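Report on the following structure.
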Amino acid sequence: MKQTQILIVEDDVKMRTALREIMFKEGYSVETVGTGEAALAKIGTTNYDLVITDLKLPGIDGMDILKAIRKSRPEISTVMITAYATVDTAVEAMKEGAEDYIAKPFNLDEIRIIVKKVLERKALVDDNKLLRSQLKKKYSYENVVGNSEGMIDVYKTIDRVKDSKATVLILGETGTGKELVARAIHYNSIRSEKPFLPVNCGALAESLLESELFGYVKGAFTGAARDKQGVFEVADGGTVFLDEIGDISARLQQVLLRVLENGEIQPVGATTRKKVDVRIVAATNKNLEEMIKTGSYREDLYYRLNVITLRLPPLRERREDIATLAGHFLRKYCANNEKAITGLSKEVLRLLEQYAWPGNVRELENLIERATLLETTSEITRESLPEHIRTATDKGLLANDEDLQTLEEMGRAYIIKVLGKVNGNKVRASEILGINRTSLWRMIQRFKISE
Ligand SMILES: Nc1ncnc2c1ncn2[C@@H]1O[C@H](COP(=O)(O)OP(=O)(O)OP(=O)(O)O)[C@@H](O)[C@H]1O
Ligand SMILES: [Mg+2]
């Protein structure tokens, strides 16, 4: 492990020597300088772990050094030394990013402990960052964007199951990326050279779906002029993606169950069965467990499909991915449309991060595509957002000075607005507001909001 490097900035020679001695005895590699100017020159060229600086220096002072570090070398930790620390200087130093401060006169133990604590905290943060980036590298899938914990779990599961033949059931609200993840499983598996064939089970009538899946023989029905293979045969060695698997009829549920049980299909009109080698990935945004309870879905089929479950979290539960996804789609649609937009304005990002995203990633993608086309400046601005997102904080936050409101008034108005949008549904409203239902209920009482 590399030795910890510390820079001490102190104009008082006695103090400087004393500090160097203590830090050296603690086993750190120490350098010292007497002016802010010399400090900045060193910081620009050496990878220090920690800079301990006196506040008062001739010329460039400690506060300037803090600012410079925060701006250009934010990975360096800082500790400020202040004579007769007043609360004000300490607070200001912390605001500028100092991790801690030492008040003169100090004793040696005190400074040892503070430095140790700051370095430990830094090591922890560095470790976490490293871990995150390693995980991300290990479990990243082309086109699938997002580093939230929820998505890292998804990558881990894909990684664990991609090469097995076990059936995967992907669950998630509309637009959360079920089809995208199904493709990622296939194209990263040992089957990737063989076909990936998606079938939308919700879009076809029962008889059409059956012949699409399993094929038919000549003469099976009017119009069946010759034998035709179904996707299960065409995909031999590859993957069949059964999308909207909650939408298949009771009879097809039974047929599919048999296929899953013995790996054989029977084309429509055929008298014999055929062995097939396909991996099945299925997806639905329906609640199959509920459907089992009401008798509209076969429990045995559910267990066959659900060997491995992959749940895709809704976007509102991983808001930290919104900025990354928005940037990804911005680059995509700028390239498609030959536009040169460099980013999103802070205000736009804030609006996007607050929004509830009922249509999840698909809704975000559509929004960015539209905004890319509409935008006339070099940055996506609020004007290019659709009305319902643009006005989310219009009243209140962005009002004229004359009608500035108190937080209470604004909170009340916003709750009423959200309740209106979800037709009074308190569960949805509390999700959007990011508070639990009891808190919402209390606010409704307190603000005297009528049903
Ligand atoms: N994590 C992600 N990274 C990048 N793009 C994503 C991500 N998740 C979803 N998308 C994009 O969002 C759109 C919707 O994704 P997809 O079609 O996979 O959703 P779905 O869950 O199948 O939705 P539905 O239930 O409505 O069919 C696609 O264009 C997809 O590429
Ligand atoms: Mg889909």
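Model, not experiment: these values are computed from the prediction. Ligands are counted one by one from 1 in listed order, and the atoms in each one are counted from 1 as well.
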Ionic contact status for [Y] with [X], cut-off 4.0 Å:
X    : Y    : result
D247 : K286 : yes
R311 : D153 : no
E99  : K117 : no
R183 : E179 : yes

With the side chain counted from C-beta on, respond yes when I114 and Y101 share a heavy-atom pair under 4.5 Å apart, and no when they do not.
no
If you measure from each heavy atom of G146 to ligand 1, is any distance below 4.0 Å?
no
Quick check on contacts: which atoms of ligand 1 are under 4.0 angstrom from a heavy atom of [X]?
X    : answer
N285 : 25 (O)
L325 : 2 (C), 3 (N), 4 (C)
V144 : 1 (N), 3 (N)
E179 : 18 (O), 22 (O)

Nearest to [atom], what protein heavy atom do you find, and at what distance?
atom                    : answer
atom 23 (O) of ligand 1 : G175 N, 2.8 Å
atom 13 (C) of ligand 1 : E365 OE1, 3.6 Å
atom 15 (O) of ligand 1 : G177 CA, 3.7 Å
atom 1 (N) of ligand 1  : V145 O, 2.9 Å

Quick one, E206 with S249, criterion side-chain hydrogen bond (donor to acceptor under 3.5 Å, both in side chains). Give me CA distance, side-chain angles, the key distance, then yes/no.
CA-CA 7 Å; E206 182 186 306; S249 70; 2.9 Å; yes
Give yes or no for whether the N/O distance cutoff of 3.5 Å, strictly under, is met between [X] and ligand 1.
X    : result
T174 : yes
L180 : yes
M151 : no

Does only the side chain of N143 get under 4.0 Å from ligand 1, or the backbone, or both, or neither? Count heavy atoms.
backbone
For residues H388 and Y355, establish whether the separation of their ring centroids is below 6.0 Å.
yes
Would you call the rings of Y187 and F196 parallel, tilted or perpendicular, where under 30° means parallel and over 60° means perpendicular?
tilted
Whether F329 and Y333 hold their rings parallel, tilted or perpendicular, with breakpoints at 30° and 60°:
tilted
Exercise: do Y48 and E31 side chains pair donor with acceptor under 3.5 Å
yes
Counting only heavy atoms, tell me which of K286, K332, R362 gets closest to atom 27 (O) of ligand 1.
R362
Per atom 20 (P) of ligand 1, closest listed option by heavy atom (K178, E369, E173)
K178
